[in-house]
Amino acid sequence: MDINTIINNLEAKHPGEKEYLQAVKEVLLSVKDVYNQHPEFEKNKIIERMVEPDRIVTFRVTWLDDNGDVQNNIGYRVQFNNAIGPYKGGIRFHASVNLSILKFLGFEQTFKNALTTLPMGGAKGGSDFSPRGKSDREIMRFCQAFILGLWKNLGPDRDVPAGDIGVGGREVGYMYGMYKRLVNEHTGTFTGKGLDFGGSRIRPEATGFGALYFVQNVLARKGETLEGKTVAISGFGNVAWGAALKANELGAKVVTISGPDGYIYDPDGISGDKIDTMLELRATGEDIVEPYIEKHPNAKFFAGKKPWEQKVDIALPCATQNELNGDDAKQLIANNVQLVAEVSNMGCTPEAIDAFIEHRITYAPGKAVNAGGVATSGLEMSQNAMHLQWSAEEVDQRLHGIMNDIHHQCVKYGEEPDGYINYMKGANIAGFMKVANAMMEQGVC
Ligand code: 2IT
């Protein structure tokens, strides 16, 4: 079956799952040419098998809030594809979570994990539970109830979750604690754990650090560095924090962060202690950035706006899917942006991506740029399996090597006749070929 028919069938079968259909469409359109060169893929229905999750687990999560009232949420785990390794991917707790979003994330994760060069399959999970305004005890009870519904499907060689939006070290700790009680084994079946119980050094920083190593590679090809470049970052979570730290270390000036309430523009640069302000804002549990200006009065807060209206050299979406749309892209292009690298998953809408590619602005997709997070999770799995813990230098060096390799794969498959590197195409083809070949070698099953 040709690619367009597969896409049409999928749209008919899963109407309304817009994020999932968006992610699938992007990958399938990019791999069209290589798919057509491999008739064995069509014969074995590789794509038809690849676009459907292997398994979806849905469960009710019931917990008691601080008033003793009963609360109900929905829990999910989408085990997408384990052709190249155990299911691996984060857990998202956010009011917006639904099956379309988790299927898109699980699908993307499969190709991202393939790009890391490590043996990990793709999965994603989460709940429509909103951590906003919840007490620590409520978070703990929710995490425990979530694991009660999911634990039987997990295991070090079966499925290894981690964090995502709304799930950080604290939540992973609570989930892992309950998981360990239930299975009575300390096998490290979670990554992003605390350093004292099997966590990896550099894991909290890894997504942001890896993204900046990728950006370094992109610039190096053009004979440039990050020194003196201005950078717009969205979000203020763990990913934005790691990206801001490394961007500063490499000589760039970060001028924005953002939250659901709006964005901060700090003309003096968000550096040093100011980066810690991000941690303080998060610790309030309110999910807003406006209080930044109380501590740093030179900065300005723009309510309800996105940072993409500022003139910068580099834009790094670090918040959530589709946070940068066609109009934002036009604004960035008019302001002469040089490079847009998604650190969030599917941060740009298809219209934005089309605009960047049409204007030959370097655009790099999340599945390549943010793969350092899950890659370091893979390194955590290795350390757990070997019952040891590497130094920060060792982990950072491996992470850097992996990001260089991912960049290399993108260039190899993404170079166009005019010399433009289509990083989206490169990442999609490289990831697809690895998963497709692994599925072919394992037979029809
Ligand atoms: O989107 C992602 O790659 C993550 N949330 C991290 C997944 C992981 O297993 O570390």
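One-based numbering, in listed order, for ligands and for the atoms of each. Quick note: numbers below take in every heavy atom, side chains included, and nothing from hydrogens, waters or symmetry partners.
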Nearest neighbour in protein (non-hydrogen) for [atom]:
atom	answer
atom 7 (C) of ligand 1	Gly90 N, 3.5 Å
atom 10 (O) of ligand 1	Ser377 OG, 2.5 Å
atom 3 (O) of ligand 1	Lys112 NZ, 2.7 Å

Does Phe129 have Lys134 sitting over its ring (NZ/CZ under 6.0 Å from centre, angle to axis within 45°)? yes
Phe209 six-ring centre to Lys246 NZ/CZ under 6.0 Å and within 45° of normal: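 Ring-cation test returns yes.
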Proximity of [X] and [Y] rings by center, below 6.0 Å:
X	Y	value
Tyr423	Phe214	yes
Phe236	Tyr292	no
Tyr174	Phe142	no

Would you mind listing which atoms of ligand 1 come within a distance below 4.0 Å of any non-hydrogen atom of [X]?
X	answer
Ala162	8 (C), 9 (O), 10 (O)
Gly163	4 (C), 5 (N), 6 (C)
Gln109	1 (O), 2 (C), 3 (O), 7 (C)

Mind checking whether [X] contacts ligand 1 via backbone (N, CA, C, O), side chain (CB onward), both or neither, at a 4.0 Å heavy-atom cut-off?
X	value
Lys124	side chain
Arg203	side chain
Asn345	side chain

Tell me the nearest of Met381, Arg92, Lys367, Lys88 to atom 9 (O) of ligand 1, using heavy-atom distances.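 It is Lys88 that holds the nearest heavy atom.
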For the residue pair Tyr20 and His14, categorise the inter-ring angle as parallel (less than 30°), tilted (30 to 60°) or perpendicular (more than 60°). perpendicular
Below the 3.5 angstrom mark, is there an N/O of Val160, backbone or side chain, next to an N/O of ligand 1? no
Sorted by chain and number, sequence neighbours left out, ring pair (Phe, Tyr, Trp, His ring centres under 6.0 Å) with Phe356 holds for none
Show which side-chain atoms of residues 179-186 pair as donor or acceptor with protein atoms under 3.5 Å away, not counting sequence neighbours.
from, atom 1, to, atom 2, distance (Å)
His186, ND1, Tyr176, OH, 2.9

